[in-house]
Every structure is written in structure tokens, then in C-alpha cells.
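What follows is a short report on a single structure.
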There are 2 protein chains.
Amino acid sequence: MKKTMDRRQRKSREAIFKAFIALLSEKNVNKITVEDIITRADVGRATFYAHFETKDFLLKELCEELFCHIFDSVDNNHSHRHIFECDAPDSVFLHLFTHLKKNDNNILELLSCQNNDLFLQYFKSGLYRLIESQHQLYKYSEKAKLPTDFWTNHIASTFVETVRWWINEKLQKSPEEINDYFLRAINA
Amino acid sequence: MKKTMDRRQRKSREAIFKAFIALLSEKNVNKITVEDIITRADVGRATFYAHFETKDFLLKELCEELFCHIFDSVDNNHSHRHIFECDAPDSVFLHLFTHLKKNDNNILELLSCQNNDLFLQYFKSGLYRLIESQHQLYKYSEKAKLPTDFWTNHIASTFVETVRWWINEKLQKSPEEINDYFLRAINA
DNA sequence: ATAATACTGAATAGAGTGTTCGATAGCATA
DNA sequence: TATGCTATCGAACACTCTATTCAGTATTAT
């Protein structure tokens, strides 16, 4: 989203996103029509198509906006730690759990709605890239003689499944506890 | 599927399944139309709706037909082992990997096509029930103080992800090797 | 104030869904 | 082989949804 965006554009775009998110927690993504969205968002039909080529593009852009924040914040945090030489190997995940619980952008609504698989998959692909860069995680995989990409995928999916379980439990556990579960599961 | 099914019904049903499977490996499930299916299957429109209420039902019944075999075979094998008191704790998974590689019903085509998430998720839900009944798997979870349902989900998803990785690698590894990877990953 | 541009609202063509029905052909049974 | 039963055909139908268009209106940046 460009900074120099017409206020009207921003408003329409935001209204569409907001309506779409609300609808996503109400019904299956395949059953949501453009009519539903524009009625809820209170914008004209032509406006919708001026912003998004199709519903699929809307979904894709929504995912990008949602997850760019969370991964950016990790990247910043990680580079800080690098600068200060404060090496806490697995705290990246604690950082992610904490960030999730803060629930910026109502990300939790989407990760717990009936369409959550959609978002968990998208989240996982972002995670995969992040994990690849965390070399200290691979000590165990070497010990267990597991291929690198197998291990990367294993960690990413275990993280996502931990989040899924956590959300199902209504986030009763603290980020520290759930991070502990996660680390025990991957036995790091 | 009832045994006493009219030959015409069987033929139509099979033709529809076959056409659907072929289409699934060509394009996204959402883009497949009833028109596509009946043209490929060479049956009338009314025939399709006589067999399946909607496309979603077709998909559901396809999944059931596909996975019932594989889980039934495990159940039989498991109860045999029970009778003969031959207790090989984790061989259920080796049995599953072996069964998958045999590729009955072209199950692998579906697990490796672009719609594989659909089938892997369905496969996982079947697995979940199976794992719940395998009590010997929970020794480690008790040691690591992890909740039962967390652990069940962890094993199920790790299995599914192992299968996913295996298929991506074109099934080059033997069932024994891949079972080994899986057991190392869950550290059982 | 002005020019640029985003939005509206209604109309439109086209694709896909799910149903209907009389006619036809295949099936099980006797 | 003749019988009734039932699955299929194929075409037509109403319906919903998609995606585009365009003239008129409102808002914005400068």
C-alpha cells in the first residue's frame, strides 16, 4: 500500500478488507460473494473491481498485509540481537507467540475462524523462509541425521500446529508456556 | 457403495469419480465446473445430480472411498497383531507408509496434485482417530509433560508432513527409511 | 479554483448451478 | 421372451454470481 494513497482509496480499501474479514469469520470463503462484500463495505461494485482484480487477489493481499507486520517485527528484532550480540537461540519463536497474542490487525480472528487453514498455510510459508535463516536450529537435525529441508518443514509445521492448538484452547496458556510446548515437541 | 448397485449406476459413479480425479490433477478444485466433470465423464447433467447433491459432496465421498481402504487395512492388521500378541509398537506407521507406496486407487496422484492440501487434511483427520487408539505412543509425551491432545495432533501432523515431503521427493526413499525419519522427528 | 481522479449506480453479457420432464434404453425377474 | 422398474439422456429453465462498462457525481491535491 503506497503512502501517497488518496484518502478515498484508503477508505474504500480498508472498508473492503474489514467487510471481508467480518464475512470470513461468518461463512466459508467460497460462499462469500462480491455482492456480500460491497454491501457490507458499503462501496459500489465498480469500486471493488477497481481495487481488486478478483476475490482471490483480495485474499492474497489481505494475507500479505496481515503477515508482513509479524515477520517484519521478527526480522527487526533479530537484527537487533545480532548487533548487540545477545544470542538467545530460540527466542524468535517466543517473540512470534507473544506477537500473536497481542493480536494486532485482528489476526487471531482469521487464524481461528472456519477458514483458518487458508491463513495457517499462508503463515507457514512465511515461517519456512524465516526458519531457513535460523541456523542454530539445525543442531538437532544433524544429530538425528535428518535432511535440511525435511527438518525445516517439520519445524514450520510444528509451529503452525502449536498455534492451531493454542487458539483452539482459547489462548489460555501464556506465550512462555506455549513456546515451551513447542520446543519440547521439536525436542530442541 | 452398496453391493447391489445397478450396473448403470456403478458405471456412472465410476466415470464421474475418474473424471473428477483427472481434473483435480489438472486444475484447482474451485475452478472445476460440473460441466467439466460431466463432459469428461460423458454422462448427462441430471445424472450427476442424481448421484451427488453438489460438488462438495462428490469430493467428500471421494475422500471417504480413498481413505477407508488404507485405514481399514491398518485396523485389520492391528487387530491381528493383538490376537497373536506380537507387539511391535510403531509398526502401524510403517504399515501406512508401505500401503501408500503401493498406490492403490491412485491415491498418490491426489496427494501430490495441486489440490493435495485438501486430501492431506482429510487424511490427517483419519490419522488423528487412529493415533488416539495407539496408547504406546504416549510414553514420550508423558515424559515431556505435553497434553494428550497436543501430542496426538503433533504426531498426526508430523506424519502428514512427512508424507508430503516424501511425495515431493518423488518417493525415492523406501518406506523403512521414511518411517525412520518420521520416528526421529517425533523422537519416539 | 481547477484539473485530476475515485466513486456511484445501473445496465449488461456471460458463465455456472441446480431442477425439471418426457423420452429412451438397460436391468432384474419370472 | 415379455414385464415392470429405474437410470440415464438432453434440452430447457430460472437463478445466482462474475466482471465490465459508462455517464454522472463527489472528493482530493495543488
Side-chain angles (χ1 to χ4, degrees), chain A residues 1-65 113-115 117-118, chain B residues 1-65 113-115 117-118:
Chain A
M1 186 158 69
K2 280 188 277 184
K3 278 182 184 177
T4 52
M5 211 179 205
D6 193 310
R7 182 185 297 142
R8 290 168 297 180
Q9 283 191 47
R10 276 201 309 275
K11 276 180 155 178
S12 295
R13 194 181 161 90
E14 280 310 307
I16 291 170
F17 273 137
K18 208 173 166 186
F20 190 45
I21 290 171
L23 287 162
L24 278 167
S25 51
E26 285 172 26
K27 56 164 100 172
N28 187 285
V29 67
N30 299 314
K31 305 293 177 195
I32 298 172
T33 67
V34 174
E35 196 59 39
D36 290 336
I37 300 169
I38 63 176
T39 305
R40 186 78 63 109
D42 195 29
V43 299
R45 186 166 199 77
T47 306
F48 177 89
Y49 286 104
H51 282 270
F52 305 99
E53 203 174 330
T54 63
K55 254 190 318 175
D56 289 339
F57 280 83
L58 166 59
L59 183 61
K60 190 160 172 289
E61 292 195 31
L62 175 62
C63 285
E64 277 167 12
E65 289 219 356
C113 75
Q114 60 177 301
N115 299 289
D117 271 338
L118 216 57
Chain B
M1 185 157 69
K2 280 186 278 187
K3 278 182 183 177
T4 51
M5 210 178 204
D6 195 311
R7 183 185 297 143
R8 290 169 296 179
Q9 283 191 48
R10 274 201 311 274
K11 275 182 156 177
S12 295
R13 194 182 163 90
E14 280 310 309
I16 291 170
F17 273 136
K18 207 173 167 189
F20 189 47
I21 290 171
L23 286 163
L24 278 167
S25 52
E26 285 171 26
K27 56 164 101 175
N28 187 286
V29 67
N30 299 313
K31 305 293 176 195
I32 298 172
T33 67
V34 174
E35 197 59 41
D36 290 336
I37 299 169
I38 63 175
T39 305
R40 185 78 63 109
D42 195 27
V43 299
R45 186 168 197 74
T47 306
F48 177 90
Y49 285 104
H51 281 270
F52 305 100
E53 202 173 332
T54 63
K55 253 189 320 176
D56 289 339
F57 280 83
L58 167 59
L59 182 60
K60 190 160 171 290
E61 292 196 30
L62 175 62
C63 284
E64 277 166 13
E65 289 220 354
C113 74
Q114 61 176 301
N115 298 291
D117 270 337
L118 218 56

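This is a predicted model, so every value here is computed, not measured. Numbers restart at 1 for each chain; the letters A, B, ... are given by sequence-line order, proteins then strands.
With values rounded to the nearest 0.5 angstrom, A/F17 atom CZ is found 9.5 Å from A/L59 atom CG.
In terms of polar N and O atoms assigned as donor or acceptor, the side chain of A/R45 never comes within less than 3.5 Å of the base of C/dG9 in a complementary pairing.
With rounding to whole Å, A/Q9 atom CD is found 11 Å from D/dT28 atom C1'. Per the geometry, CD1 belonging to B/I32 stands 12 Å off P belonging to C/dG16, to the nearest Å. The CZ-P distance, from B/F48 to D/dA11, rounds to 20 Å in whole Å. Rounding to whole angstrom units, CD of residue B/E35 and P of D/dC17 are separated by 20 Å. To the nearest angstrom, P of C/dT19 lies 15 Å from CZ of B/F52. Atom CZ in A/R10 sits about 12 Å away from atom P in C/dC7, given to the nearest Å. Rounded to an integer number of Å, the gap from CG of B/D56 to P of C/dT17 is 11 Å. Distance NZ (A/K55) to P (D/dT16): 16 Å, rounded to an integer number of Å.
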Salt bridge (Lys or Arg N to Asp or Glu O under 4.0 Å) between A/D56 and B/K31, intermediate numbers included: CA-CA 12 Å; A/D56 289 339; B/K31 305 293 176 195; 3.6 Å; yes
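Listed candidates were D/dT18, D/dT28, D/dC9. Nearest to the side chain of B/V43 is D/dC9. Candidate nucleotides D/dT18, C/dA6, D/dA19 were compared by shortest atom distance to the side chain of A/D6, and C/dA6 ranks first. With D/dT8, D/dT21, C/dT17 as the choices, the nucleotide that has an atom nearest any side-chain atom of B/R8 turns out to be D/dT8. Nearest nucleotide to the B/S12 side chain, out of D/dA19, D/dT8, D/dC9: D/dT8.
Taking the charged nitrogens against the carboxylate oxygens, B/E14 and B/K18 have no contact shorter than 4.0 Å, which rules out a salt bridge.
Taking for each of B/K11 and B/V34 the nucleotide of DNA chain C with the nearest heavy atom, the 5'-most of the two is the partner of B/V34. Each of B/A46 and B/K31 was matched to the nucleotide of DNA chain C holding its nearest heavy atom; the match closer to the 5' end belongs to B/K31.
The side chain of B/H51 places an N or O atom within less than 4.0 Å of a non-bridging phosphate oxygen (OP1 or OP2) of D/dT8. Put simply, B/T47 has a side-chain N or O that comes within less than 4.0 Å of OP1 or OP2 on D/dC9. A close approach under 4.0 Å does not occur between any side-chain nitrogen or oxygen of A/T33 and OP1 or OP2 of D/dC17. Taking only side-chain nitrogens and oxygens, B/Y49 comes nearer than 4.0 Å to OP1 or OP2 of C/dG18.
Ring-centre distance between A/F20 and A/F52: not below the 6.0 Å cut-off. Residues A/F57 and A/Y49 keep their aromatic ring centres 6.0 Å or farther apart.
Considering B/K55, B/R45, B/R40 as possible partners of B/E35, the one that fulfils the salt bridge (charged side-chain N to carboxylate O under 4.0 Å, His left out) test is B/R45.
Looking at heavy-atom distances under 4.0 Å, A/N30 makes no contact with the nucleic acid at all. Across all strands shown, B/D36 has no heavy atoms under 4.0 Å from either base or sugar-phosphate atoms.
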